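Read the structure below first, then the notes.
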Amino acid sequence: MLVTIVEGGLVALGVYLAAGVLFAVPFLLNGAGRIDQDAAGGSRGFKLLVFPGVVALWPLLVGPWRRSRQRTERSPHRDAAIAGDRR
Amino acid sequence: MGHSYRAVGWNRQKRVYDLALIAGIVLYLATFVGVGFTLHPGATAETMLIRALGTGAFLLLHLVLAIGPLCRVDSRFLPLLYNRRHLGVATFVLGLLHGGFALVQFHALGDLNPLVSVFVSNPRVDSVAQFPFQPLGVIALVILFLMAATSHDFWLANLTAPVWKSLHMLVYLAYLLLVGHVSLGVLQAETSPVLAGAVGIGMAGLLALHLLAGASEVAVDRGRDAATGAAGSAAGHSSLGLSSLREEDSAFVDVCAVSEIDEKRARLVSVAGDRVAVFRYDGKFSAVSNACQHQNGPLGEGCVIDGLITCPWHGYQYRPLDGASPEPFTEKVPTFRVQIRSGRVLIDPTPLPAGTPVEPALIGEGASDG
């Protein structure tokens, strides 16, 4: 019984940490700089250093990252400007 | 901070600190193993290494917990505080190595997953002498990991200060868990009371240091509050001529005599529910809130370096005139108006918004500046 409980807990922990890794990669490439401008130009060493913490504490960073995504209303001018920029 | 993050903001002091730390750890491990084999020639190398790493981590944790109160009691310990986070990371690394080797040595040879084995191999929770001490160490290690993983300033800024501080206060829980881990482990492996006694002495020492530091802090605040109260009523400072203050200056409170503040150092005073650090530098006096924006370090226990108030904890700097960090940094602390009268330093207890420029008081402004 105890073995089953502990094994279940370890599986849950593994799933949680795997989700953390999946979150951490895009977060450190893009999201960290959105929630903290000092992280935008952060060095590789910085990203490597905070990676374990992001994997472990990713639920605490989901909210700030989501809130940082400013949704600007689309307009013909904005769309045209973005399209022109891509060309 | 207002600049791009790096892994470590290296400077000469940090390099020296870390080299001394690494040298100290290597010396300790070598000494422990050497003495251990002399006393217990039959012990295996793995067991000796596991014990050396475990005791090393436990001793480092004592140092980590002692530095704060030691600096409160005696400022000569401040250099230890400067890079305390690296001590914490080193504690975790030693603990991780200890746990990793112990996992392989004692739990990897059975049919069970070693991580499962740690939690289920000893079910004697009803026995003190045979209590399963390993899970206590695992939980403590998880706490030390969270602290080490969040030691970068990125986490302080983005978890917010209250969450970050609460997380790092768990170090005391980790310490208690490790006291249990070590004590119960020693009970099962040792017949000599020496190690158990050493754990008790370490715990009592830390408790005494914290109580001593707390008492000295209370004494400082009481003394300063008494001084400001007396100055406000003019009753305790008749020689100051406070009764002759102009109406608009009557709110100023006495801090101390000009001569009581050393050049490039500060004097603390408690006003408006918190401490103010009044600095003397280049014949001028400026006052800022005592709490550094970084981690609430005591600015008043720092000094003026290159014209900037420098926090003794991590070296964050502020201009005395406006309490703002120089570009490109963005930290700011509240400022206070200062006056010199009759050789006394006085401050307006009303805090000004962080970063507000305030004209410094000049020693020559008041008569007989002492």
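Remember, predicted model here, so these are calculated numbers, not experimental data. Note: hydrogens, waters and symmetry copies are ignored here, and every other heavy atom, side chains too, is used. Convention: sequence-line order gives letters A, B, ...; per-chain numbering from 1.
In terms of heavy-atom proximity, A/Ser43 sits nearest to B/Ala7 at OG-N, 3.6 Å. Considering every non-hydrogen atom in both A/Gly42 and B/Ser4, the closest pair reads N-CB, 4.2 Å.
Applying the side chain to side chain donor-acceptor pair (under 3.5 Å) rule to pairs touching residues 154-176 of chain B yields A/Asp36-B/Asn158, B/His62-B/Tyr175, B/Thr150-B/His168, B/Trp164-B/His168, B/Tyr172-B/His210, sequence neighbours excluded. For the side chain to side chain donor-acceptor pair (under 3.5 Å) condition, no pair includes a residue of residues 122-140 of chain B, sequence neighbours left out.
Within the 4.5 angstrom heavy-atom criterion, no atom of A/Ala40 approaches chain B. Within the 4.5 angstrom heavy-atom criterion, only side-chain atoms of A/Leu61, from C-beta onward, approach chain B. For A/Leu2, the parts lying under 4.5 angstrom from a heavy atom of chain B are both the backbone and the side chain. Neither the backbone nor the side chain of A/Val55 comes within less than 4.5 Å of any heavy atom of chain B.
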Q: Step by step, work out the side chain to side chain contact (heavy atoms under 4.5 Å, CB included) result for B/Leu115 and A/Val6.
A: CA-CA 9 Å; B/Leu115 288 173; A/Val6 173; over 6 Å; no
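Annotation: residues 14-29 of chain A contacts chain B through A/Phe27 [non-hydrogen atoms, separation under 4.5 Å].
Enclosure of atom NZ in A/Lys47 by more than 12 non-hydrogen atoms of other residues, nucleotides or ligands within 6.0 angstrom is indicated.
Take B/His314 and apply the ring pair (Phe, Tyr, Trp, His ring centres under 6.0 Å) test, not counting sequence neighbours, and it matches B/His294.
Ring geometry for B/His152 against A/Phe46 counts as tilted: the plane angle lies between 30° and 60°, on a 0 to 90° scale.
Options A/Leu60, A/Leu57, A/Leu48 differ in how many heavy-atom pairs under 4.5 Å they form with chain B, and the most are formed by A/Leu57.
When the options B/Val116, B/Val120, B/Asn113 are evaluated for a side-chain contact (heavy atoms from CB on, under 4.5 Å) with A/Glu7, the one that passes is B/Val116.
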